[in-house]
Amino acid sequence: MELCSSAPPTSFYLKSCVVSPPISSISLSNSLRPAKGFTSLRISRACRQFSHSPRKLSICARASAPPAANDTVKEPLPADLVVQETQEPNCRIRLSIEVPSIICEDCHKRVINEFMKKAKVPGFRPGKKVPESILVSYIGKDGVQKAIVEAILKRTLPHAMSSVDGRALKDSIRITTTFADMEKTYSSLNILRYELIVDVAPEVKWIPEDGYKNLKIVVELDSEIDAKTSAERELRRRYKSLSTMRIVTNRGLQVGDVAVLDISATTAEQDGSEVKNVPAAESKGFHFDTEDGDRVIPGFLDSIIGIQGGETKSFPLVFPESWKQEDLRGLPCQFTVECKELFYRELPEMNDAIADKLLPGCTSIEQVKESLLERCLELEQTAKDQATDNAILDQLREMIQVDIPQSLFEEQGRQLYGARLLQIQANMKLNEEQLATLSGPTAVREFLENQRENIENIIKQNIAVGDIFKRENLQFSTDELVKEVENSVAEFKKHKQEYDEESIQEQVQEVLEGAKVLEWLRENADIEYVTK
């Protein structure tokens, strides 16, 4: 076991106690490894996460099952420690430990004996007993003392943690007393005093009690996920892709045509004193398919029907309050549209001869329609299930009261930030300097503060789901576990990535637990679906 000996910080970490520092940098190779074996679930080592769009299932196992505070075996002590426990905010406990002199003396003897076995002191044969004074002089008094203090810590820490066994969150233990202060106390008093803080599993309070058993959920479904409408739209898109574009020369724009437009927009102050451009509503060389008229501002298509190539039209329109861009909602604009080019589609006849071009493997238009509808029905059900899970999780979050341990907050935040950084790296191919800056502690700290509410909401959902799994004694089959572990291992091997099968099994188990909870909640909830 190694402790910082040359320049100890204000707090330090024993390897057997802590893996998770307060605000750390992000290591892409270690903090997040993709688990592509799961198409709808994302898993990570310490905490599976709910993201918001789309929602992915996870529960934080540390909040749903008693973890081990540390894995060190407790060696018998010749005397009892004096341990004082103080409750602090956010599920944190401070332990003040005093190690009596009899234990310190016993550790002193053990350290000296170890040095005697291993040290090669000039003038003494290997294994020969060396007087302690000569041994200490040879090794150095400072080095011996550091080794003794470290030995005392290693031996007494498991006993000091006894009062929080079963409650302490894994990897959250941190010794706050500096090593220099411990050395000073040991040197002057022949005893050792140190303090440590540890996060404990939060207590969950449901409001109302057991309210999750009778959920009433209203799920809003987007009209665009309707399978029949989606299948018809997809068929039309594929059909249009077989068309040949011809330039319109002797008529104006009609429904079904495609126009290349330059669009400008202005808006005036309420008193008319100043006219400003609206860049968010402008576009140059905009390819406008008139069959997508429902996707532009209401009234736009009607205002340009009949426009000819080279012609310009000007007209006023108001963005609806439901417009996706918030800054444009309700904004009155004067649009000026110049038609640069105008095309019409020359389409093949819709018959069985083009079925294979519309959907490879199909021999008739009817088969194409059936296949597309089947696919869209699957997508519709997936979207419906996802929206249902999202609505359930949002309601669970509002029903629990729980204090969030700082270590859990930071761990979840690092997981989210690591995932975001991986996505940025995949999209932008950051260089080493950019990646180092974004991976550093300053960037991580800013992300945690900016995303505090979102991170806390995710943790609440994780904890709620974990608590329900435990309360309702839910289970999953061993076959399910084995199958998903095999799939995940296969994905790691496929992408030639390192993996720990024990960790994967732990992750898969947590994901399956979460899936069982949502399945149980859907079966027991009163769910109403409305289309927005």
Side-chain angles (χ1 to χ4, degrees), residues 1-4 8-24 31 45-47 59-75 77 80-99 103 149-179 181-182 185 191-205 401-415 448 455-456 459-460 462-463 466-467 470 506 510:
M1 179 181 292
E2 299 176 355
L3 291 175
C4 183
T10 55
S11 61
F12 62 90
Y13 300 84
L14 282 166
K15 289 183 179 178
S16 62
C17 302
V18 160
V19 179
S20 175
I23 301 290
S24 73
S31 66
R45 165 79 176 162
C47 224
I59 58 174
C60 185
R62 300 189 312 173
S64 62
N70 62 74
D71 301 323
T72 306
V73 177
K74 294 179 183 178
E75 294 184 44
L77 296 177
D80 292 332
L81 302 177
V82 179
V83 181
Q84 181 180 350
E85 182 178 312
T86 305
Q87 184 70 49
E88 296 191 350
N90 296 331
C91 304
R92 176 164 287 182
I93 291 176
R94 180 177 295 275
L95 298 177
S96 301
I97 299 101
E98 181 174 311
V99 184
I103 298 177
V149 171
E150 186 174 329
I152 296 170
L153 281 173
K154 182 177 180 180
R155 189 174 175 190
T156 61
L157 192 61
H159 294 271
M161 293 295 300
S162 295
S163 64
V164 293
D165 277 352
R167 295 187 293 154
L169 297 186
K170 188 177 181 181
D171 301 338
S172 72
I173 307 163
R174 182 161 61 95
I175 296 174
T176 58
T177 308
T178 65
F179 198 81
D181 285 343
M182 285 189 279
T185 302
I191 63 173
L192 191 69
R193 294 193 184 106
Y194 62 94
E195 288 191 345
L196 60 85
I197 56 176
V198 58
D199 289 340
V200 295
E203 295 182 6
V204 179
K205 182 179 180 181
Q401 285 187 351
V402 61
D403 289 331
I404 298 176
Q406 182 65 18
S407 62
L408 196 56
F409 169 80
E410 291 174 0
E411 177 185 340
Q412 181 71 74
R414 286 195 302 273
Q415 292 287 336
L448 294 182
I455 295 170
E456 290 180 348
I459 293 173
K460 286 180 180 179
N462 292 340
I463 291 175
D467 191 59
K470 181 174 63 175
E506 176 186 331
E510 294 170 357

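Interatomic distance, CZ of Arg94 versus CD of Gln84, reported as 11.0 Å (0.5 Å rounding). Between the CG atom in Asp181 and the OG1 atom in Thr176 there is a gap of 10.0 Å [rounded to 0.5 Å]. With values rounded to the nearest 0.5 angstrom, Ile463 atom CD1 is found 10.5 Å from Glu456 atom CD. Atom CD of Gln406 sits about 12.5 Å away from atom CD of Glu88, to the nearest 0.5 Å. Atoms CD and CG, on Glu98 and Asp80 in that order, are 12.5 Å from each other to the nearest 0.5 Å. The line from CG of Asp199 to CD of Glu411 is 10.5 Å long, rounded to the nearest 0.5 Å.
Considering only heavy atoms from C-beta on, Leu192 stays 4.5 Å or farther from Thr156 through its side chain. Considering only heavy atoms from C-beta on, Met182 stays 4.5 Å or farther from Ile152 through its side chain. Within the 4.5 Å cutoff, the side chain of Ile103 has heavy atoms near those of the Leu81 side chain. Looking at heavy atoms from C-beta onward, Gln87 lies in side-chain contact with Ile93 at the 4.5 angstrom threshold. For the pair Lys460 and Ile404, the minimum side-chain heavy-atom distance is below 4.5 Å. Leu95 places a side-chain heavy atom less than 4.5 Å from the side chain of Met161. Within the 4.5 Å cutoff, the side chain of Val99 has heavy atoms near those of the Tyr194 side chain. Arg193 places none of its side-chain heavy atoms less than 4.5 Å from the side chain of Thr177.
In this view, Glu203 satisfies the side-chain hydrogen bond (donor to acceptor under 3.5 Å, both in side chains) rule with no residue, not counting sequence neighbours. When the side-chain hydrogen bond (donor to acceptor under 3.5 Å, both in side chains) test is applied to Gln401, no partner is found at least two apart in sequence or on another chain.
Smallest separation of non-hydrogen atoms from Pro405 and Val200: CG-O, 3.7 Å. Considering all non-hydrogen atoms of both residues, Gly413 and Leu448 come closest at CA-CD2, 3.3 Å. Counting all heavy atoms, side chain and backbone alike, Arg92 lies closest to Arg174 at NH1-NH2, 4.4 Å. Nearest heavy atom pair, residue Pro158 against residue Lys74, reads O-CE, 3.3 Å.
Each of Asp171, Ile197, Leu169 was scored for a side chain to side chain contact (heavy atoms under 4.5 Å, CB included) with Ser407, with one residue passing: Leu169.
Checked for salt-bridge contact, Arg167 and Glu85 meet the test: a charged N lies under 4.0 Å from a carboxylate O.
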